[in-house]
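For reference, the structure is listed below as structure tokens.
For the single chain, residues carry numbers from 1 onward in sequence order. All of these numbers come straight from a predicted model, not from anything done at the bench.
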Amino acid sequence: MRDWETRVEQHLVGLALEPTERAEVIAELAAHLEESCEEWRKQGMTEEEAARRTLSEVEDWQNLRQRIQNARTKESIMTNRVKQFWLPSLLTLLLTMGLLMLIQLFGPNPWMVARKSGWTLVAPVAVVYLPWLLSLPVIGAMGAFLSSRAGGSRRAVFSSIVFPVLPYLVFFLLALPVMAIFNDRLAHNIMFGALFVGLFAWVLAPGAALLAGGLLAQMFLSRRLDSRRIVSG
């Protein structure tokens, strides 16, 4: 095995991977070639003939090296993307929606913003769940912590923090206007003021609460990392 690992390492000089990952690739390929060599030996070939036939199975070592490197790089990028963005984003979304659902089921009652038509109140323009808003900074901090710990960039951290409000943003800016275009009754009942109030209650205010907790957590983590670097330096 050691001999085959040496041969493979010589042919894959310049493979730009992390040392641990590079050693793993070389060991896997060496094991495969050794098995192939043993099969040729069982057919009656000498050790040299079997080794030469085994090495000839790889037509282009440079091409093989490039394909291995590209595959490992893509795999690493996908893994990092999942850890740095998708897992924190989906967790913050799940916690945000789950907490909102619990508050809607068990209370307390929301604060409703309504508009008047003469002396009568019309249907609520916005429904605000204050306990939900007050809990969002903690959820935003969790998303920032998970993304930062996985090595996420500032863009990944920011996106994972505000991810829970994106469905509401899409609804108010795209879905609701489209529904109003094809539904005259809905368009008659919707006013621009009501649209902006709803946008504030479900997008801007929750987004600001998430960012408040997330940015504070990010600031704390950055200072902690800087202090570690100073101590280690």
Side-chain angles (χ1 to χ4, degrees), residues 1-98 139 141-164 166-167 214 217-218 221-222 224-233:
M1 174 65 72
R2 293 181 180 178
D3 182 52
W4 279 109
E5 287 188 2
T6 302
R7 293 186 181 188
V8 171
E9 189 172 7
Q10 291 173 349
H11 285 288
L12 293 181
V13 172
L15 185 62
L17 296 175
E18 294 293 329
T20 304
E21 192 174 11
R22 187 172 185 273
E24 182 181 325
V25 169
I26 291 174
E28 290 178 359
L29 185 55
H32 172 73
L33 293 178
E34 187 181 35
E35 291 178 1
S36 179
C37 183
E38 288 298 324
E39 292 295 327
W40 290 117
R41 288 290 303 277
K42 290 178 182 179
Q43 296 181 19
M45 291 187 180
T46 64
E47 185 175 353
E48 291 185 1
E49 290 176 341
R52 185 166 53 253
R53 181 66 65 88
T54 300
L55 290 174
S56 66
E57 293 178 357
V58 182
E59 298 179 355
D60 190 343
W61 283 95
Q62 184 175 358
N63 182 44
L64 176 63
R65 180 185 64 192
Q66 189 64 42
R67 286 192 286 114
I68 292 174
Q69 186 167 316
N70 290 341
R72 292 283 177 155
T73 302
K74 290 179 181 179
E75 181 181 347
S76 178
I77 291 174
M78 291 300 297
T79 302
N80 290 337
R81 187 174 298 173
V82 170
K83 292 181 179 179
Q84 297 171 3
F85 173 69
W86 285 111
L87 285 181
S89 298
L90 293 177
L91 179 62
T92 55
L93 178 64
L94 178 63
L95 291 175
T96 301
M97 296 297 101
I139 297 176
M142 293 178 60
F145 172 75
L146 292 175
S147 183
S148 298
R149 189 179 64 174
S153 62
R154 290 185 179 180
R155 180 178 179 181
V157 174
F158 175 81
S159 301
S160 62
I161 294 172
V162 300
F163 190 80
L166 295 182
Q218 175 71 5
L221 291 172
S222 299
R224 188 175 180 182
L225 182 60
D226 292 339
S227 63
R228 286 183 178 180
R229 289 176 179 174
I230 293 173
V231 172
S232 61

Problem - From C37 atom SG to E48 atom CD, the distance as rounded to the nearest 0.5 Å - result: 11.0 Å
Practice task
Provide the closest heavy-atom pair for A144 versus G214 in the form atom of the first, atom of the second, distance.
Solution key: CB-O, 3.4 Å
Fill in the blank from the handout: One should read off an interatomic distance between I161 CD1 and S89 OG, to the nearest 0.5 angstrom, of 9.5 Å
Handout entry: Partner set under side-chain contact (heavy atoms from CB on, under 4.5 Å) for R52, not counting sequence neighbours
Key = E49
Handout entry: Any side-chain heavy-atom pair of F163 and W86 under 4.5 Å
Key = yes
Exercise for the section: Decide yes or no on side-chain contact (heavy atoms from CB on, under 4.5 Å) for S159 and F85, but give the supporting numbers first. Expected result: CA-CA 7 Å; S159 301; F85 173 69; 3.4 Å; yes
Practice task
With sequence neighbours excluded, tell me which residues meet salt bridge (charged side-chain N to carboxylate O under 4.0 Å, His left out) with E28.
Solution key: R72
Problem - Side chains of L146 and R149 in contact at under 4.5 Å (non-hydrogen atoms) - result: yes
Handout entry: CZ on R41 to CD on E47, rounded to 0.5 Å
Key = 5.0 Å
Completion exercise
Applying side-chain contact (heavy atoms from CB on, under 4.5 Å) to L95 and not counting sequence neighbours gives L91, I139, M142
Problem - Closest contact, heavy atoms only, G143 versus T92 - result: CA-CG2, 3.5 Å
Problem - Polar side chain donor-acceptor pair, Q84 to S153, under 3.5 angstrom - result: no
Exercise for the section: State whether the side chain of S36 and the backbone N or O of L33 hold a donor-acceptor pair below 3.5 Å, judged by distance alone. Expected result: no
